[in-house]
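Data first, discussion second: the structure below is written as C-alpha cells.
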Amino acid sequence: YCLSGHPTLPCNVLKFKSTTIMLDCGLDMTSTLNFLPLPLVQSPRLSNLPGWSLKDGNAFLDKELKECSGHVFVDSVPEFCLPETELIDLSTVDVILISNYHCMMALPYITEHTGFTGTVYATEPTVQIGRLLMEELVNFIERVPKAQSASLWKNKDIQRLLPSPLKDAVEVSTWRRCYTMQEVNSALSKIQLVGYSQKIELFGAVQVTPLSSGYALGSSNWIIQSHYEKVSYVSGSSLLTTHPQPMDQASLKNSDVLVLTGLTQIPTANPDGMVGEFCSNLALTVRNGGNVLVPCYPSGVIYDLLECLYQYIDSAGLSSVPLYFISPVANSSLEFSQIFAEWLCHNKQSKVYLPEPPFPHAELIQTNKLKHYPSIHGDFSNDFRQPCVVFTGHPSLRFGDVVHFMELWGKSSLNTVIFTEPDFSYLEALAPYQPLAMKCIYCPIDTRLNFIQVSKLLKEVQPLHVVCPEQYTQPPPAQSHRMDLMIDCQPPAMSYRRAEVLALPFKRRYEKIEIMPELADSLVPMEIKPGISLATVSAVLHTKDNKHLGPSPQPETLPPTSGKKRKRVSDDVPDCKVLKPLLSGSIPVEQFVQTLEKHGFSDIKVEDTAKGHIVLLQEAETLIQIEEDSTHIICDNDEMLRVRLRDLVLKFLQKF
Amino acid sequence: MPEIRVTPLGAGQDVGRSCILVSIAGKNVMLDCGMHMGFNDDRRFPDFSYITQNGRLTDFLDCVIISHFHLDHCGALPYFSEMVGYDGPIYMTHPTQAICPILLEDYRKIAVDKKGEANFFTSQMIKDCMKKVVAVHLHQTVQVDDELEIKAYYAGHVLGAAMFQIKVGSESVVYTGDYNMTPDRHLGAAWIDKCRPNLLITESTYATTIRDSKRCRERDFLKKVHETVEHGGKVLIPVFALGRAQELCILLETFWERMNLKVPIYFSTGLTEKANHYYKLFIPWTNQKIRKTFVQRNMFEFKHIKAFDRAFADNPGPMVVFATPGMLHAGQSLQIFRKWAGNEKNMVIMPGYCVQGTVGHKILSGQRKLEMEGRQVLEVKMQVEYMSFSAHADAKGIMQLVGQAEPENVLLVHGEAKKMEFLKQKIEQELRVSCYMPANGETVTLPTSLSIPVGISLGLLKREMAQGLLPEAKKPRLLHGTLIMKDSNFRLVSSEQALKELGLAEHQLRFTCRVHLHDTRKEQETALRVYSHLKSILKEHCVQHLPDGSVTVESILIQAAAPSEDPGTKVLLVSWTYQVRGGPRPTELSSDVTTPPCPTLPTSLPLP
C-alpha cells in the first residue's frame with residue numbers, strides 16, 4: 001500500500017503474514033510552498049501584496065489569495081500534505097518502522113487521530129533528532145500566530161479556476177495544519193528504541209531488523225523477514241562517507257523483495273563538488289562584504305558543512321567571520337550530535353575514544369567562531385556583526401527565522417543565499433520574495449544514493465524483485481533524454497504510486513516448526529535415494545505465539561514433561577481421526593510368491609495379465625491382483641487370512 | 001545429548017579475575033578476562049593453560065566477551081591476547097572499548113613503573129590488543145559466525161557495562177557480568193527480556209545482603225562527610241576512577257551546592273578529567289534524568305571538585321579527597337591513607353567492595369595495626385567507615401533478574417562461597433531453578449534438550465489447521481506428514497507431496513471380501529436393502545447409494561453381484577483400501593468388517 005506520493009518522503013504499508021507494517025511516515029512539506037511566508041516581524045511588503053482576483057474580476061478570494069510577481073499564494077497558516085489516510089484503516093497498523101528523522105515528520109498525524117494502537121520502532125538518534133525537527137517546526141509556526149485560515153480556495157470548483165500550481169495541487173482537502181507539541185510528545189512516547197542489527201520479533205510471525213543506511217545519524221534500512229521470506233526496505237541510504245556509520249549492504253543480500261525509496265533528489269549533482277562550490281561562493285560573498293544566508297534543517301548536512309568550513313575558513317583567511325546558527329533547537333542539535341558516538345563513522349568514533357568531541361564544531365563554539373541562538377530575538381541582536389554567515393531554517397523559506405533574513409538582505413546584491421537542502425525547489429521557494437537583488441546560489445547536497453550507485457547496489461545484493469515509486473522507473477520529466485537517470489534492473493522494477501496497492505510477487509510455501517527431541521528420537525528415517533531420507537511424522541501440533549512448537553509424539557506416548565506444553569496436552573487429547581497412510585513401491589511377483597510359499601501357502605498359480613500378474617491361491621479361494629501401482633486382494637470372509645496376506649504385502653512396500 | 005559446559009577459570013566462588021569458559025553446541029566462548037587485586041604473583045591472572053597446553057588459543061575459542069571495564073573483568077586481556085596469544089574477536093560495548101585501554105595502561109604503570117615488575121605487558125601490547133576489539137551496540141545481535149550470535153543488554157553497573165546473551169541455535173546462555181538492578185545517580189537499572197536461556201551465569205557479590213534504601217545510605221554518607229569536615233577532619237574516599245566515583249561526585253557536588261559549603265573537594269589523578277569527559281560523551285548510557293538535562297547542563301561538569309595535587313595532602317584544614325585505587329592496595333589512595341591514618345579526626349570511607357588481601361579489606365575487618373612494606377607497622381587511628389555504594393545487585397536484585405530472564409538453570413560466580421551457598425538455596429527453593437556454584441577449574445555440565453527446526457509446507461499446516469473444526473488456534477492438533485531429509489535441509493510436507501517430489505508412485509492396496517447372501521431378488525434390490533439397512537444401523541457414518549447400484553460406507557465400497565451359476569445367492573463384494581487408525585500404528589482391521597452372512601442382511605458393519 002502506498003500512502004505517499006513523494007518518493008523521498010515515503011509512507012508505505014506492508015501486509016506480511018497477517019502483520020501490518022507501516023514503513024516510514026514522511027510528511028510532504030512542499031505544499032507549504034503555496035503559502036505566503038510567515039514573517040517574524042511585520043513585513044510591510046508581504047502585508048501589502050495585492051489580492052488576487054478571478055479573470056472575470058470577481059474578487060471574493062482576495063482575502064485568501066495574494067499575488068506576488070505573477071505567482072499566487074495562499075495567505076494562511078501553512079498546511080502540509082498528509083499521507084493517504086483513506087486507503088487503509090490506520091488503526092490496524094501493528095507497527096511503524098522509521099528509517100530516518102526526515103521520514104517521521106508525519107508521525108503525530110498517524111498515531112494521534114487514527115486510533116493507532118501499535119508500536120513505533122526507531123533508533124535513538126532518529127528519535128532525538130526527529131524530535132528536534134518537529135519541535136523546530138512547531139515552534140516556527142506557533143510563534144507567529146496567524147488569525148486567518150483559508151479554506152475557500154480549497155473548494156473544488158474554485159480550485160479549478162486558480163492558476164498553476166495551485167490548480168494542480170493534489171488532495172488539498174486533506175491538507176492539515178501543523179500539529180502541536182503535545183501531539184508530538186504523545187507520538188514520540190509510542191516509539192520503542194532499537195539498535196542496529198537488533199532482531200525484533202513481531203508476534204512471533206516476522207522479525208524486523210534495522211541496518212545502518214549511512215545517510216544520517218541513526219538512519220536505517222529495515223529487513224522484514226520470516227523464516228523463508230525476506231523483504232528489504234531501503235530508504236534514504238548513502239554510500240558516501242560523511243559523519244554517520246557506513247551503510248550495511250551485506251545484510252540486504254538474498255532478499256525476495258527489495259523496496260527502494262529515498263534516492264537522491266538531485267541525481268545530476270555531485271555532493272563533493274557542491275560542497276566545494278558552497279565554500280567558494282561563501283568566501284566570495286564574505287570577501288565582498290556581503291552576508292551569506294544558508295537555509296537549512298537544524299541537523300544533518302549542517303554538521304558536514306560546519307566541518308568543511310572549520311577547515312576552510314582558516315585557509316581562506318576568513319577566520320574572523322562569525323558563523324551564526326539560529327534555530328530554537330540549535331543548541332540541542334549541536335549537543336546531541338556529540339553524544340551519539342556509537343552511530344558515527346569509524347573516524348569519528350576513534351576521536352571519542354581519545355576522548356575528544358567527535359565533531360569539530362565543538363571547537364568552533366569554544367573559540368567563539370560559531371555561535372548559536374534560539375531565535376533572532378534576544379542575545380542575537382546584541383552580538384550580531386556583519387558580514388556574517390547565518391545558518392537557519394526553514395529551507396522552504398516559508399517560516400522560521402530565515403524569512404526575516406530574506407526580507408532584511410534580499411535588497412542588496414552583495415548578499416548571497418545558498419541553498420543546500422534538496423527538498424524544495426529553490427525557484428519556488430524564492431517566489432514570494434521576488435523581485436530579489438541578492439544572489440542566489442543553488443548547491444544542493446544530497447548524499448542519498450544516485451542511480452549509478454543503485455545499479456551497483458542491486459548487482460551486489462541481487463534481490464529477486466525490486467519495488468520502487470514510479471518516479472524512479474522513468475527519467476525525470478525535465479531531462480527526459482537521460483535514460484541513465486532511472487532504475488535499471490532485471491526483472492524490471494515494479495512501481496507504485498500514491499494510493500495504490502501492489503501485491504508482492506512471492507508465495508509463502510514453508511513455515512518453521514520445531515520438532516521436540518522426544519519425537520525426533522522416535523522417528524525412523526528411511527533412505528529413499530542417496531542423500532534423501534524420509535520419515536513419517538505423526539504428532540501433535542502445538543501453536544503458541546505464532547510459533548509452531550510441536551509436534552511432540554503421540555498422545556499415548558507423550559510423557560508429561562517439558563513445562564511449556566504440559567498443560568495443553570493434559571487438557572485435551574485431540575481426536576484421532578482416521579488417517580490414510582500412503583504406500584509406495586511395487587511388488588516383485590516372484591519374490592512375493594516365494595514368500596507366500598514360505599508362509600505355508602501352497603498351490604499358487606500365477607497368471608500374467610496386461611498390466612501385471614494375478615496370483616491365485618486356490619486353496620484359500622483367494623485372488624491377488626498385482627499391478628505396478630496397486631495390489632488387490634480378493635478373498636472370502638476370512639479375517640485371519642486377510643491379515644496374513646496384508647502383512648506379507650506390506651513387507652514389500654514403503655509406508656508414509 | 002547436547003550439553004552446555006561451564007568452567008570458571010576465575011571468579012568461581014571468589015571475587016576477582018573473572019574468567020569463565022562456556023562451551024555451547026560446540027562453540028567455546030570466554031566470558032571476561034580479569035585480574036585479581038589480591039595477588040601480585042602468577043595467581044593474579046587466570047590460568048589459560050587450562051584451555052590448551054600447547055595449541056593456539058585462537059583455535060580453541062570462538063570469541064571473547066568483556067562485560068565492562070573494571071580490571072577484575074578485563075585486566076588480563078593484553079596478557080591473554082598478546083603474551084599467551086589470541087587473535088580472535090573480542091567483543092565489548094563502545095564505552096568499555098573507550099575506557100578499557102586507559103585503565104589497563106594505568107594498571108601497567110603501577111605494576112611496571114612503580115613496582116618495577118618485569119615480564120609485564122607493554123603499552124604497545126595494550127594497543128595491539130584493543131585492535132582485536134569489536135564494539136557492539138546495546139541489543140544489537142552480533143553474528144560471530146554462522147551459528148553463534150551474541151546480544152548485549154544494559155547492566156547499569158558502570159558506564160558501558162553490559163550483560164551478554166550467547167546463543168547457538170535454540171540453546172542460549174546469559175552472562176550478567178556485574179550489574180545493578182536499582183538505578184543510581186548516574187546510571188539506569190539493568191534490564192533483560194524474558195529470553196528463557198538454558199543457563200544464567202550471574203554475579204553474586206552481595207548474595208546475602210539486602211540493602212536498605214539508597215536514599216538512606218546517601219543521607220548517611222553525606223552526614224558523615226559533613227560532620228568530619230565540620231570538625232576539621234579530612235575525608236579520604238578511595239575509589240576507582242570510573243564508576244562509583246562519578247556517582248559520589250554528583251552526590252557531593254549537589255550537596256555542596258545546596259549547603260553552600262566551601263571545604264575543598266579534590267579528585268586525584270589526571271584520569272578523572274578524562275573519565276568525566278567520557279561520561280559526557282556517552283550520555284546515552286546514563287540514566288533518564290541526566291539524558292534529559294544534559295543539553296542545559298552536563299552533570300559531569302563539576303564546579304566544586306578540583307584536581308588534586310600530591311602537595312595538598314599535607315595542607316592543614318578539612319578537605320575531601322577522592323583517590324584511586326578503591327581498595328587501598330596501591331597508588332595514591334594508599335599514600336594519602338598512610339599520611340592521614342594517625343589522626344582520629346580523619347575518616348576513610350570505603351564505598352565499595354574490597355578483595356581479600358588488600359589494605360582496604362584488612363581495615364574493614366577491624367585490623368588496626370597494619371604491617372606495611374619494610375616491616376613498618378602503621379597504626380590506624382582514623383575512623384573507618386564502610387558504605388556499600390558498589391553498584392552490584394543485592395540478593396533481591398539477583399532474584400529479580402533471575403525472575404526476569406526465566407532461565408532453566410542458574411550458575412553463580414563472582415562471590416564468596418559461603419554467601420553463594422545461601423543464595424543457591426534461596427534460588428532453588430523460591431524459584432525452583434537448579435543452581436550451581438563451581439569453584440575455579442571445576443566444570444559444570446548441563447544437558448540441554450534440542451529441538452530440531454524444520455520447515456513445514458504451508459499447505460500442510462493450513463490443512464491441519466482447518467481440520468480442527470473449531471477455529472481454536474491454541475488447541476493442539478494431530479499432524480501427519482512426511483519429513484524429507486536432504487543433506488541438512490529438513491522439510492515436513494504432506495505425504496502426497498513427498499511422493500510427488502521424489503517421483504514415487506502411490507501404491508494402492510485394496511481388499512475385497514466376498515460375502516455370500518441368500519437372496520433371490522435382483523442385484524439392485526439387494527443393494528438397496530443393504531443400503532437401507534446400513535443406513536439404519538450406521539447412523540454416525542456416511543452411507544451412500546451410488547447410481548451404479550453400489551453402496552459406500554465412507555470409503556468402503558459394497559457391490560452386489562449375482563454369480564451366474566447360482567441365482568439364489570448373491571455375492572456382496574466389500575472392498576476397501578488399506579487404512580490405519582490414527583497414525584503409524586496399524587489397527588487391526590476388525591475381523592468383522594462384514595459379519596457372517598445372515599439370511600437377510602449383515603447386522604452390522606463396524607468401521608475401521
Side-chain angles (χ1 to χ4, degrees), chain A residues 124 195-199 331-332 335 338-339 341-342 352-353 355 508-517 520 525 528 531-543 551 554 568-569 574 576 578-585 629-637 639 642 649 653 656, chain B residues 94 98 137-142 274 277-278 281 283-284 295 449-458 461 464 473-487 491-492 495-496 498-499 502 504-515 578-584 591 594:
Chain A
E124 179 159 9
Y196 286 150
S197 311
Q198 179 178 352
K199 292 177 178 170
N331 185 22
S332 305
E335 289 284 343
Q338 304 287 20
I339 66 161
E342 289 158 278
V352 174
Y353 293 159
R508 297 178 44 231
R509 287 177 48 215
Y510 286 99
E511 183 60 70
K512 201 96 165 179
I513 59 168
E514 284 180 0
I515 290 184
M516 289 180 56
I528 303 287
I532 303 174
S533 304
L534 293 187
T536 314
V537 179
S538 258
V540 181
L541 180 73
H542 298 270
T543 311
Q554 277 289 294
R568 303 270 162 72
V569 175
C576 296
V578 177
L579 284 174
K580 189 177 153 206
L582 292 179
L583 301 170
S584 120
D629 289 339
S630 66
T631 303
H632 197 168
I633 301 174
I634 303 168
C635 64
D636 272 348
N637 189 31
E639 184 65 19
R642 201 156 44 222
V649 170
L653 298 173
F656 298 106
Chain B
H94 286 269
H137 285 261
L138 274 188
H139 299 163
Q140 179 187 9
T141 313
V142 180
K274 246 181 173 179
H277 210 100
Y278 279 117
L281 293 175
I283 292 284
V295 176
S449 62
L450 197 64
S451 355
I452 302 163
V454 299
I456 182 168
S457 97
L458 211 64
L461 192 65
E464 298 299 331
K474 289 203 167 158
K475 199 178 156 195
R477 274 173 307 271
L478 198 69
L479 181 107
H480 183 80
T482 301
L483 190 65
I484 304 182
M485 287 168 266
K486 191 175 176 183
D487 305 324
R491 282 176 307 139
L492 187 63
S495 306
E496 292 90 343
L499 286 182
L502 297 170
L504 297 176
E506 188 187 341
H507 192 103
Q508 291 270 356
L509 178 58
R510 284 191 79 81
F511 300 93
T512 301
C513 177
R514 291 184 291 255
V515 180
Y578 172 61
Q579 287 193 337
V580 175
R581 180 196 290 271
S591 57
T594 53

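Predicted model only: the values in this text are computed from it and were never measured. Naming convention: chains lettered A, B, ... in sequence-line order (proteins, then strands); numbering from 1 in each chain.
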Per-residue contact mode, B:Leu281 against chain A (heavy atom under 4.5 angstrom): both

Least distance between heavy atoms, A:Tyr196 atom then B:His137 atom: CD1-NE2, 4.4 Å

Sequence-distant partners of B:His139, side-chain hydrogen bond (donor to acceptor under 3.5 Å, both in side chains), two or more places apart: none

Which residues share a side-chain hydrogen bond (donor to acceptor under 3.5 Å, both in side chains) with A:Glu124, sequence neighbours left out: B:Arg291

Note, B:Val142 side chain near A:Ser197 side chain (heavy atom, < 4.5 Å): no

Pairwise distance CD(A:Gln338) to CD1(B:Ile283) - rounded to 0.5 angstrom: 11.5 Å

